[in-house]
Amino acid sequence: MMIQTARGVRDILPEEAEVWHFLEETAITLFGLYGYQEVRTPLFEKSGLFSRAVGETTDIVEKEMYTFTDRGGESLSLRPEGTASVVRAFLEAGLTRQLPWRVCYRGPMFRYERPQKGRYRQFHQLGCELLGPAGPLADAEQMAMILDYLRRVGLGEGLTLEINSLGCGACRPGYREGLVGYLRSVPGDAGSPLCENCRRRLRENPLRVLDCKLPECRAVAARAPVMRDHLCPPCADHFRGLVAELEGLALPYVLNPLMVRGLDYYTRTAFEVTTTRLGAQNAVAAGGRYDSLVAQLGGPEVPAIGFAMGLERLALLLAESPRAAAAPAAYVVAVGEAAELLGARVAASLRGAGLRVVADLMGGSMKSQMKRADRSGAPVTLILGEEEAAKGQVMVKNMAARTQRILAWEEVLPYLDTPSVRGG
Ligand code: HAM
């Protein structure tokens with residue numbers, strides 16, 4: 001019996017890894033233009049960090065964390081998200097006077113969820129956190145940056161920016177009480193019309209009832225009082241400011257009063273960028289403000305906002321809009337020892353000039369090597385036999401035009417660099 005991957009995790013095979021490199025490098029470069037620098041935090045943390053930051057009664061902490069006791073008796077958890085670790089690192093490094101602090105990160109996160117298209121147990125996020133600025137300008141800058149990024153990687157179509165305000169410690173408790181009153185008062189055939197999960201949420205985390213996906217709960221949520229009508233004056237000002245900024249930047253948005261997010265640290269702005277092309281798992285990016293988290297983790301009051309994008313979801317969307325596969329610039333086919341040696345030399349000189357060159361190295365007949373050259377997608381194959389090797393020459397085959405010519409090996413680089421060859 002062959003051993004297979006555990007449920008909900010996947011291999012990223014080389015072809016897909018190319019797409020991931022593209023997504024990650026474009027992100028890190030673009031975020032850099034906005035002043036974000038990369039931070040790398042551990043894959044596991046003390047479990048208490050997540051229960052304090054993400055919230056004791058959230059699905060993530062209650063049901064989805066990979067928690068284990070290490071040999072020293074310490075309870076540790078694989079990180080289910082990146083924000084808690086970033087804030088911990090910020091405090092641990094004593095950076096509270098170096099505001100604004102802008103960091104980005106990429107890497108695997110772990111949640112024990114029911115796997116489906118776009119939802120995995122090990123998944124990867126690209127995220128940014130901005131600590132310091134309190135005003136809506138920061139919120140709008142991040143949203144603009146995300147949309148800028150999605151456009152640059154070719155995913156600008158069919159997206160919706162959804163925004164909401166979740167209020168703050170001053171106004172949310174009052175709203176929450178009103179919401180619970182409403183949810184308890186809705187009659188059903190046999191008691192509450194809510195699903196079993198939401199009846200439990202009603203006691204522990206009632207706002208989460210608003211984004212339950214089951215039809216019976218959605219019907220109830222649709223008529224529920226909304227947070228935006230219950231914001232305290234500073235939260236209402238912040239939200240108005242954000243809307244004005246988005247309009248000033250000509251960024252289309254949709255108000256979604258039912259978006260509450262699955263992490264407890266959010267205050268005021270919450271947002272998601274959704275697509276209609278991924279089925280149920282429709283959020284490609286999501287985030288919000290978390291103005292109390294730094295203090296909650298033992299630091300001073302530092303307002304902050306951040307987001308994360310799911311790399312698997314971005315890669316799925318890109319796979320639907322095919323890009324040219326990253327083929328090598330040239331493929332080297334060589335038969336005989338002297339030819340292989342010259343082939344290695346030519347390949348090395350081309351790589352020195354920054355070209356991607358793949359040597360066959362499988363041996364065998366010219367015919368079988370040529371088949372693989374064809375499959376590689378390289379526009380040019382460099383063919384070396386005994387005769388070419390003896391003369392220091394290379395037969396250069398243009399795979400699309402099916403033409404070939406003999407060049408001295410030093411002439412191969414200038415030839416590959418001509419526009420008609422580079423263009424395929
Ligand atoms: P989140 O909404 O839990 O937020 O996750 C952000 C994004 O990660 C989602 O929109 C989705 O694209 C991706 N994602 C989440 N879970 C999975 C999964 N099981 N499989 C595949 N992709 C997934 C956070 O994690 C916050 N830390 C975001 C944030 C940063 N807020 C402030 N700063």
Side-chain angles (χ1 to χ4, degrees), residues 52-55 57-58 60 81-84 86-87 90 99-103 127-147 160-179 205-211 224-249 251 253-274 283 285-297 299-308:
R52 257 168 81 183
V54 176
T57 61
T58 55
I60 294 180
E81 61 105 46
T83 312
V86 166
V87 172
F90 168 75
L99 301 174
W101 198 57
R102 282 182 165 85
V103 289
C128 286
E129 310 294 346
L130 166 52
L131 280 69
L137 209 58
D139 312 19
E141 185 192 81
Q142 266 194 0
M143 294 176 199
M145 179 174 80
I146 297 171
L147 295 171
T160 308
L161 168 63
E162 301 183 26
I163 61 171
N164 192 19
S165 177
L166 298 174
C168 66
C171 51
R172 200 186 309 161
Y175 166 70
R176 195 179 139 128
E177 228 170 82
L179 177 67
N205 206 344
L207 266 67
R208 290 290 292 167
V209 173
L210 296 180
D211 74 352
V226 302
M227 182 72 231
R228 257 197 348 269
D229 297 336
H230 295 81
L231 296 175
C232 60
C235 285
D237 273 354
H238 187 97
F239 197 66
R240 258 196 305 276
L242 170 62
V243 165
E245 284 296 332
L246 293 179
E247 280 170 6
L249 293 170
L251 288 185
Y253 62 89
V254 169
L255 301 179
N256 179 356
L258 299 182
M259 186 220 304
V260 293
R261 312 277 301 118
L263 306 99
D264 280 355
Y265 49 62
Y266 291 114
T267 51
R268 296 192 171 166
T269 309
F271 64 95
E272 291 189 353
V273 177
T274 57
R289 209 160 244 296
Y290 49 95
D291 293 342
S292 318
L293 183 59
V294 179
Q296 211 175 301
L297 292 181
E301 293 283 339
V302 177
I305 180 160
F307 70 91

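Throughout, numbering of the chain's residues begins at 1 and tracks the sequence.
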(request) Would you check if Leu246 and Ile163 make a side-chain contact, meaning some heavy-atom pair closer than 4.5 Å? (result) yes
(message) I'd like to know if the side chain of Asp264 and the backbone of Ala53 have a donor-acceptor N/O pair within less than 3.5 Å.
(response) no
(request) Could I get the full list of salt bridge (Lys or Arg N to Asp or Glu O under 4.0 Å) partners for Glu141, not counting sequence neighbours? (result) Arg102
(message) Could you measure the distance from the CZ atom of Phe307 to the CZ atom of Arg289? Nearest 0.5 Å is fine.
(response) 14.0 Å
(request) Side-chain contact test, heavy atoms from C-beta onward, threshold under 4.5 Å: evaluate it for Val302 versus Leu99 and give yes or no. (result) yes
(message) Would the distance check show the side chain of Glu81 and the main-chain N or O of Thr83 forming a donor-acceptor pair, the cut-off being under 3.5 Å?
(response) yes
(request) Check whether any side-chain heavy atom of Leu251 sits under 4.5 Å from a side-chain heavy atom of Leu147, and report yes or no. (result) yes
(message) If only side-chain N and O atoms count, and only distance matters, is there a donor-acceptor pair under 3.5 Å linking Asp139 with Thr269?
(response) yes
Donor-acceptor contacts, no H, no angles, side chain residues 226-233, under 3.5 Å, sequence neighbours left out:
residue, atom, partner, partner atom, Å
His230, ND1, Val226, O, 3.0

(message) Heavy-atom count check: over 12 atoms from other residues, nucleotides or ligands less than 6.0 Å from Leu137 CG?
(response) no
(message) Do Asp237 and Phe239 have side chains that approach each other closer than 4.5 Å (heavy atoms only, starting at C-beta)?
(response) no
(message) Could you tell me if the side chain of Phe271 sits less than 4.5 Å from the side chain of Glu162, heavy atoms only?
(response) no
